[in-house]
Amino acid sequence: KIESRITLAGSLLVVVALLVYFMPRESKFGYEYEQGRPWRYNSLIAPFDFPVYKSKQEVEAERDSALSDFMPFFSENTALPQRLIVGFRADFLHGKFKDVPINYLTHIERMLAEVYDKGIVSAEQMSIMAQDRTPGLRLVEGTEAISHTLGELFSTRSAYEYIMHADTVHYPRDMMARCNLNEYLEPNLVIDSVKTRTAREDVIQSVSPASGMVQSGQRIIDRGEIVSPQQYQILQSFEHESVRRNDPSKGYWLILLGQALFIASVLLAFAFYLRLFRRDYLESPHSILLLCSLIAIFPLITYLMVARGLFNVYLVPYAMVPIFIRIFLDSRTAFMATVCTVVLASLVLHTNYQFTVVQIVAGMTAISALKDLTERSQLVRVVFEVAAASALVMLGYDLSQGIDLEHLDPTLYVCIAVNGMLLLFAYPLMYLIEKLFGFTSSVTLVELSNTNNTVLRRMSKVAQGTFVHSLQVANLAAEVADKIGAKPQLVRTGALYHDIGKMLNPAFFTENQTGVNPHDELTEERSAQIIISHVTEGLRLADKYHLPKVIRDFISTHHGRSTTKYFYIQWKNKHPEQEPDETLFTYPGPNPFTREQAILMMCDAVEASSRSLKEVTEENLKELVDRIVDGQMQAGYFKECPITFRDLSQAKRVLVESLKTIYHTRIA
């Protein structure tokens, strides 16, 4: 119990922490709407004045239009041209350029002065302006800014080419090339980043983000009215302004506290349900972990989808929660877990009553359609029924809100169809849940009950009598379980494996003997130990073949803490003056602790004893069944399991009727 309480408290804390951590906390708009679809809410009146914002595309287009005429600001380095021209003259006169006539000096000085007078801009800056389709630049001269088009300006490369080709008749290109003009051409116009950035921001700010105003008290839209493009823009503006006014940073900790309280309240309500109606789950750590995991994972997926704007929440197969819990636990718990999951998920889907109704109906349909999953075809049928029920509920909700067939949203129904296909993954995921949480599904039980599998096929060869006995016990136990409301498939599978330990020494058990009894050569203590060992050997074989724990429990409890009476009585008859060591004649147990284990104990003893009847009549069968079952009850073997007197009475009646059918040829 302490372990279960720690598991419960830890699981609840982890679930609350995870859900609160991943739950979106930004302010949300309380309405869902789409252009071209009807407004599902009451008439919406503006509670405050707010601007009608332009769309992002409109604002971007207006800004691009305003920036199309924008020119960056440049300043001129007036000292640079003079320094470079003087440098060129000095280099020329000092003979740096050999064989170049003196008349080239005047020509080149004149050309350098000309290009610097028009202005040289760096090639990188020229490329940026050309790429941005800038019409030109503004050259700051004192307090004025004079505009220049790009065609009037030079880059260092275009200035070089201009000088080289200015007069090729009198100043050939090859001779001009000897003057290394690139060394004397540098940008003298430099961008003024501060003025350019300021002016650009002024242009951007001049574009108004709004195209009008909505006054407080003005009607925005009526219920059932189709959302027009203009109304859609107004609703988006209203949403933007509502979120802006409700700054989440102002009440962050209050929001966090509220979310934690809400989630904890839902989970505690579910824990209270378990305490009232399924206390046995609270005492099982595996059950607690399974329930908490399934309840938490789908709200987590929903929160992540909403926070990141991914897909549509109707794609998430929430019906997996009731399917898994119905398979591994029970229907009522599956329904309560579904309600908790949907309530937690819908917390971030503001005012989405439709989502809550659709998912709860889908869960109820899954529970009612799925009694016991033993075949894949059953899951296909469940998926079809869940999808059909979800679509019908959604259609009814839409029609009840005044939405005609023409304006139904087809994407939601497509999402439901995809949801159904995703629900098919419950079959492979079931295996994962079995391994993670230690449960055994009905599918696994059906697979284990196949007599062609390794263990049962081996038993049918080496211990044929035990195999036939196990089949008979399995049929009897399944009939009893079905009658008293237990789990027939579980007890049937457990019965098939309860005696697998006899395979190691089959000749020591009467059902496998053919006239020779090896116990005649052994002491009573040794014989008892061999008989008892079929339980311990059966558990060892179960571990070897990786049988589930629920099957191993049948092996260990089918004799409980009973004694090997035949050898015990024989020993007492031979030693009337002595007291026997009862531990040598007692099975290791434990006694049955589930109804199914109690059923197997009864059926195992009754089936074996019925073979010893010399005359099979209805009275003899009834006397045999009453004697065995009442004896087990009086011995206290059923004290630890939740079986009732009514169950025992019905079980005895079924056993008698079944044995009559088996031995019908012998009854007059």
(request) Could you tell me whether Lys54 atom NZ has more than 12 heavy atoms of other residues or ligands within 6.0 Å of it? (result) yes

(message) Check this for me, if you would: do Glu479 and Lys483 make a salt bridge, where the nitrogen-to-carboxylate-oxygen distance has to be below 4.0 angstrom?
(response) no

(request) Return yes when atom CD of Glu60 has more than 12 non-hydrogen atoms of other residues, nucleotides or ligands closer than 6.0 Å, and no otherwise. (result) yes

(request) Look only at the side chain of Ser346 and the backbone of Thr356, and say whether a donor-acceptor pair between them is shorter than 3.5 Å. (result) no

(request) Count the heavy atoms belonging to other residues, nucleotides or ligands that lie under 6.0 Å from CD1 of Ile297, then report whether that count exceeds 12. (result) no

(message) So Ile643 and Met602, do their side chains get closer than 4.5 Å, heavy atoms only?
(response) yes

(message) So which atom in Ile323 and which in Val382 form the shortest heavy-atom distance, rounded to 0.1 Å?
(response) CD1-CG1, 4.2 Å

(message) By the definition side-chain contact (heavy atoms from CB on, under 4.5 Å), identify the one residue from Val343, Leu12, Leu268, Leu19 that meets it with Ile263.
(response) Leu19

(request) Check whether any side-chain N or O of Asp49 sits under 3.5 Å from a backbone N or O of Ser216 as a donor-acceptor pair, and report yes or no. (result) yes

(message) Please report the interatomic distance OG1(Thr341) to CZ(Phe298), rounded to the nearest 0.5 Å.
(response) 8.0 Å

(message) Can you tell me how far apart CG (Asp330) and CG (Asp280) are? Round to the nearest 0.5 Å.
(response) 8.0 Å

(message) On a heavy-atom basis, which atom in Asn453 and which in Leu448 lie closest, and how many Å separate them?
(response) ND2-O, 2.8 Å

(message) Keeping Tyr273 on the side-chain end and Thr333 on the backbone end, is there a donor-acceptor pair under 3.5 Å?
(response) yes

(request) Please step through side-chain contact (heavy atoms from CB on, under 4.5 Å) for the pair Gln236 and Tyr53, ending with a clear verdict. (result) CA-CA 8 Å; Gln236 284 193 315; Tyr53 293 102; over 6 Å; no

(request) Locate the shortest heavy-atom distance separating Gly363 from Pro322; write the atom from each residue and the value. (result) CA-CG, 3.7 Å

(message) With heavy-atom distances below 4.5 Å as the criterion, would you say the side chains of Ile599 and Met601 are in contact?
(response) no

(message) Looking at every heavy atom in both Leu445 and Thr493, which two are closest together, and how far apart are they?
(response) O-OG1, 3.2 Å

(request) Mark yes when over 12 heavy atoms from residues, nucleotides or ligands other than Glu640 sit less than 6.0 Å from its CD; otherwise mark no. (result) no

(message) Before you tell me yes or no, could you show the steps for Val357 and Tyr397 under side-chain contact (heavy atoms from CB on, under 4.5 Å), namely the whole-Å CA-CA distance, both residues' side-chain angles and the distance that decides it to 0.1 Å?
(response) CA-CA 9 Å; Val357 173; Tyr397 184 87; 5.6 Å; no

(request) Decide yes or no for Pro642 and Arg595: does some side-chain heavy atom of the first lie under 4.5 Å from some side-chain heavy atom of the second? (result) yes

(request) State whether the side chain of Ser649 and the backbone N or O of Arg646 hold a donor-acceptor pair below 3.5 Å, judged by distance alone. (result) no

(message) Let me confirm one number: the CD-CZ distance from Glu596 to Arg492, rounded to the nearest 0.5 Å.
(response) 15.0 Å

(message) Does Arg275 have more than 12 heavy atoms from other residues, nucleotides or ligands lying within 6.0 Å of its CZ?
(response) no

(request) Report yes or no: does Asp64 contribute a side-chain atom to a donor-acceptor pair with the main-chain N or O of Ala61 at less than 3.5 Å? (result) no

(request) With the side chain counted from C-beta on, respond yes when Arg552 and Asp543 share a heavy-atom pair under 4.5 Å apart, and no when they do not. (result) yes

(request) Flag the pair Thr594 / Asp553 as yes when at least one side-chain heavy-atom distance between them is below 4.5 Å, and no otherwise. (result) no

(request) Indicate whether the side chain of Gln233 and that of Ser237 have a donor and an acceptor atom separated by less than 3.5 Å. (result) no

(request) Test Leu290 against Phe324 for side-chain contact (heavy atoms from CB on, under 4.5 Å), laying out the working first. (result) CA-CA 9 Å; Leu290 174 66; Phe324 287 140; 5.6 Å; no

(request) Output the distance between atom CD1 (Ile221) and atom OG (Ser228), rounded to the nearest 0.5 Å. (result) 7.0 Å

(request) Answer yes or no: is there a side-chain heavy-atom contact under 4.5 Å between Tyr427 and Val443? (result) yes

(request) Output yes when a side-chain donor or acceptor of Ser284 lies under 3.5 Å from a complementary backbone atom of Tyr281, and no otherwise. (result) no

(message) For Phe439 versus His286, what's the shortest heavy-atom pair and its separation?
(response) CE1-O, 3.6 Å

(message) Show the nearest heavy-atom pair for residues Ala296 and Pro299, with the distance to one decimal.
(response) O-CD, 3.3 Å

(message) Side chains of Glu434 and Ser441: any donor to acceptor distance under 3.5 Å?
(response) yes

(request) To the nearest 0.5 angstrom, please state how far the CE atom of Met364 sits from the OG1 atom of Thr338. (result) 10.0 Å

(request) Decide side-chain contact (heavy atoms from CB on, under 4.5 Å) for Phe270 and Val339; before the verdict, give the C-alpha distance in whole Å, the side-chain angles of both, and the deciding distance to 0.1 Å. (result) CA-CA 9 Å; Phe270 182 70; Val339 172; over 6 Å; no

(message) Could you tell me if the side chain of Tyr318 sits less than 4.5 Å from the side chain of Thr302, heavy atoms only?
(response) yes

(request) Decide if atom CZ of Arg219 counts as having more than 12 heavy atoms of other residues, nucleotides or ligands within a radius under 6.0 Å. (result) yes

(request) Report yes if the side chains of Val214 and Phe238 come closer than 4.5 Å at any heavy-atom pair, otherwise no. (result) no

(request) Hey, could you give me the CD1/CZ distance between Ile220 and Phe50, rounded to the nearest 0.5 Å? (result) 4.0 Å

(message) Has Thr557 got a side-chain atom pairing as donor or acceptor with Pro592's backbone, closer than 3.5 angstrom?
(response) no

